[in-house]
Every structure is written in structure tokens, then in C-alpha cells.
Amino acid sequence: MNTFVAQAPGRINLIGEHTDYNLGFSMPIALEERTTVRFSPDGSDRITLRSNEKGGGISFALTARPGDVDGWSAYPAGVVWALAGSGHPVVGGTMEVSSGVPIGAGLSSSAALECAVLLAMNAATDTNLDRIDVARIAQRGENDFVGAPTGLMDQLASLHGEVDRALLIDFDDSSVRPVVFDPAANGLALLVVNSNAAHQHSTGEYASRRESCTRAAHALGLGSLRRAQGVEGVLDRIEDEVDRRRARHILTENQRVLDCAAAMSAGDFRRVGDLMIRSHASMRDDFEITTPHIDLIAESLVEHGALGARMTGGGFGGCVISVVPVADVSAVSDAVTRDIADGGFPAPTVFTARAGAGASVK
Ligand code: ADP
Ligand code: MG
């Protein structure tokens with residue numbers, strides 16, 4: 001029988017954190033690093049998995065339901081469940097997964113895996129879906145089967161990625177607009193510092209931030225904080241001090257995303273850097289999703305010559321991104337690595353990244 005091969009990239013969110021479930025804006029890039037799934041249907045009613053990262057020999061029934069499967073196979077099983085639940089065909093076979101996306105680093109190895117599995121299955125069953133449907137089905141698998149309450153950004157970024165383009169996403173209508181993102185043309189590099197810190201407590205903290213945003217919107221009599229965007233004096237009407245700061249992060253972050261898209265289009269990376277610094281401060285002070293370890297990395301990057309730096313991803317660990325002159329990349333990397341060691345934190349992994357192409361079937 002045939003083998004169907006699909007690949008999907010991880011992503012870095014350049015700016016716009018926790019805005020997706022508030023129907024706001026964010027601006028990710030797809031990474032060059034990607035996950036590949038080779039799917040060989042065999043006429044059975046099970047999927048058997050093997051991963052270069054996690055080993056093999058695991059299998060699940062096509063009829064598996066939430067709670068039936070755990071560990072990493074819940075991601076492929078969730079996709080199969082969500083596909084079937086949406087009325088699309090699914091078939092049994094073996095899936096070989098190989099990936100260059102760091103796992104659990106906030107670079108969305110999860111969406112890369114989901115999208116690659118979904119596209120490989122669709123190729124095998126000759127099913128053609130719009131990217132938005134693919135994104136929503138993959139998200140449903142992650143939310144309702146794996147049990148991770150994540151927004152739609154990761155899947156949209158993985159599916160829509162373009163070389164040297166960032167993706168301005170408006171979650172109000174799920175539209176995606178490519179924006180030129182080519183730091184190299186300006187003598188700059190996107191430098192990523194993976195803190196290698198485990199995301200402790202991140203699920204509970206994520207849920208509590210989400211609840212704060214929902215409460216803030218309700219306090220304003222609105223269905224979503226998006227409806228408060230640009231409304232004069234709106235924050236003063238939120239009585240609860242904590243919820244008010246959470247909402248202030250969302251509203252100011254949305255504006256920073258739009259400003260950043262304009263600055264990138266104009267090739268104004270000083271302004272991009274400045275917006276990154278402000279975004280980090282907002283995540284640290286208003287949304288309170290950074291950690292001393294992450295703050296140290298962001299401060300050290302700027303101190304040693306980055307135009308700007310900010311944590312990317314849901315928070316409490318993961319990666320810090322920065323824009324650094326190409327000529328300074330190795331000096332900045334060394335200086336940050338030293339500062340992290342002096343702070344008593346685990347050694348980081350430092351690398352440069354570029355905006356890469358989106359998911360595809362080979
Ligand atoms: P992130 O998406 O930031 O990398 P998540 O916790 O959302 O972190 O997803 C990571 C999980 O996704 C892993 O723990 C594993 O269960 C699954 N996963 C991702 N990529 C792979 C892979 N190549 N092989 C096996 N499992 C993977
Ligand atoms: Mg993830």
C-alpha cells in the first residue's frame with residue numbers, strides 16, 4: 001500500500017501573548033524546524049505509532065475516546081477522534097513520526113504533531129479541508145482529547161507559515177495576513193534562548209488567566225475583551241484590581257501587535273525591539289506569567305546588545321526571543337549564557353531562527 005507523508009512546523013510567537021482566547025491579535029512565524037509523519041494505511045482498525053523522540057510500539061483503536069489513551073499518543077489519537085467526530089473518514093495503519101521541533105519548549109511541537117498527523121490522514125483518505133477546518137479539528141483534539149485548553153494560534157501558524165513572513169492573526173474572524181519579517185535583510189537575527197525550564201504549574205495558571213479575562217469582559221458587560229479594544233477609559237470600569245491588570249495586558253498587547261506589524265513592514269526593527277521590551281514588561285507586571293529565570297534572560301539579552309527581547313509562549317518557562325545584530329550573535333549568546341549560570345539557573349539552548357514554510361503533504 002501507499003505511504004502518505006505530511007510535515008508541519010513548530011512556531012514562535014513574535015508578539016501577542018494570551019490574546020487568542022480574547023479574540024485579539026497575535027503575530028507568530030512558522031519555524032523551519034518541523035515534524036514529519038509517514039503514514040502507511042494497512043486496512044486495520046488501529047493506528048500504530050513510532051516516534052524518533054519517544055519510541056514506538058504504541059497503538060490505539062480508531063474508535064478511542066477521550067480518557068482511553070494517554071502519553072504522547074493522545075495527540076495523534078485526539079486528531080483521529082476529532083476528525084471522525086466531524087464526519088471525516090479515518091483509516092488504520094502505522095505512523096512514523098520524526099521531528100526537529102524541541103518538545104515542551106513553547107515552540108508548539110504539539111500543534112506540529114497534530115497538523116502533520118491530520119494532513120497525513122487526510123491524504124490517505126483523499127479528504128480536502130480548508131486550513132481553518134484543519135486548525136479547528138486539531139485544536140479540538142488537543143482541547144477535548146488531550147485536555148490542554150489552548151487557543152487556535154499554534155495550528156494556524158503551523159498551517160499558514162511562509163518563508164520570511166510573519167502571520168498577523170485576527171482571532172475575531174480567524175483571518176491570517178502575511179507581514180514581511182526578514183531581519184537578515186536588515187543585518188539582524190532572531191535569536192532564541194530556550195530556558196530549558198520545565199513549565200511548572202502552567203496549566204492551572206493558564207486557566208486562571210483565562211478566567212480573569214472572562215470576568216473582566218463580563219464586568220464590562222461584554223462577551224469578549226476584544227469589544228473593549230480602543231474604548232476610552234474602559235479599564236477604569238473594572239473594579240477588581242487583578243482582573244483590571246490582566247485586561248490591561250490584553251488590550252495593550254493587542255495594540256503592540258498591530259504596531260509591530262506596521263514597524264516590520266517599514267523595516268523599523270528599533271521600534272520592533274522597543275515593542276518586544278514593552279510586551280515583556282506587560283507579561284511580567286500585569287499578566288504575571290514570567291518567572292525570575294525568564295526575566296533575567298530577557299534583561300540580559302537587552303543589556304548585551306539585543307534591540308529587544310520578550311518571553312514567547314504561554315509562560316512560566318519556555319523560550320525568550322530577541323532581535324540581535326548578526327555580528328553580535330555569538331557575543332550576546334555567550335554573555336547571556338554566563339548571566340544565566342551566575343543566576344544559578346540551568347544552562348540554556350541558544351539558536352537563531354527564521355520564518356519557514358507552512359505545513360504540506362509531500
Ligand atoms: P510544546 O507544544 O510547547 O512543545 P506541549 O506540552 O504543548 O509543548 O506539547 C508537547 C507534547 O507533545 C510532548 O510531551 C509529547 O506528548 C507531544 N509531542 C510533540 N512532538 C512529539 C514527537 N515528535 N514525538 C512524540 N510526541 C511528541
Ligand atoms: Mg503545545
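These values consider heavy atoms only, across backbone and side chains, with no hydrogens, waters or symmetry-generated copies. Counting starts at 1 for both ligands and their atoms, following the listed order.
- Between the side chains of Arg140 and Ser86, a donor-acceptor pair is found at a separation under 3.5 Å.
- At a 3.5 angstrom cut-off on N or O pairs, Ile103 does not count as close to ligand 1.
- Here the side chain of Ser158 pairs a donor or acceptor atom with the backbone of Pro9 at under 3.5 angstrom.
- For ligand 1, the polar-atom distance check finds an N/O of Gly104 within less than 3.5 Å of one of the ligand's N/O atoms.
- Nearest-residue assignment for atom 19 (C) of ligand 1 (options Ser51, Gly100, Ser109, Ser99; heavy-atom criterion): Ser109.
- Looking only at side-chain heavy atoms (C-beta outward), Val332 and Val350 stay at 4.5 Å or farther from each other.
- Residues His160 and Ile169 form no side-chain contact, since every pair of their non-hydrogen atoms from C-beta on lies 4.5 Å or further apart.
- Taking every heavy atom of Gly106 and a limit of under 4.0 angstrom, the matching atoms of ligand 1 come to 3 (O).
- Checked against Met121 for a side chain to side chain contact (heavy atoms under 4.5 Å, CB included), the options Val91, Val37, Val79 give a single hit: Val91.
- For the residue pair Thr150 / Gln139, no side-chain donor-acceptor distance below 3.5 Å is found, with atom types taken as modelled.
- For ligand 1 and Val97, the ligand atoms under 4.0 Å from any heavy atom of the residue are 23 (N).
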Side chain to side chain contact (heavy atoms under 4.5 Å, CB included) between Arg278 and Arg310, worked out = CA-CA 8 Å; Arg278 286 166 195 268; Arg310 65 181 291 280; over 6 Å; no

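- The aromatic rings of Phe345 and His293 sit parallel, their planes meeting at an angle under 30°, below the 60° perpendicular limit.
- If you look at Val101 next to ligand 1, there are no close heavy atoms at all, none under 4.0 Å.
- Looking at Ala105 against ligand 1, only its backbone comes within 4.0 Å, counting heavy atoms.
- With 2.8 Å as the limit, Ser109 does not count as an N, O or S neighbour of the Mg ion (ligand 2).
- Of the candidates Val37, Leu49, Asn52, Leu113, it is Leu113 that places a heavy atom closest to atom 18 (N) of ligand 1.
- For atom 5 (P) of ligand 1, the nearest non-hydrogen atom from the set Gly318, Ser110, Ala148 comes from Ser110.
- Taking every heavy atom of Tyr75 and a limit of under 4.0 angstrom, the matching atoms of ligand 1 come to 9 (O), 11 (C), 12 (O), 16 (O), 17 (C).
- In summary, the atoms of ligand 1 found under 4.0 Å from a heavy atom of Leu107, numbered by their order in the structure, are 3 (O).
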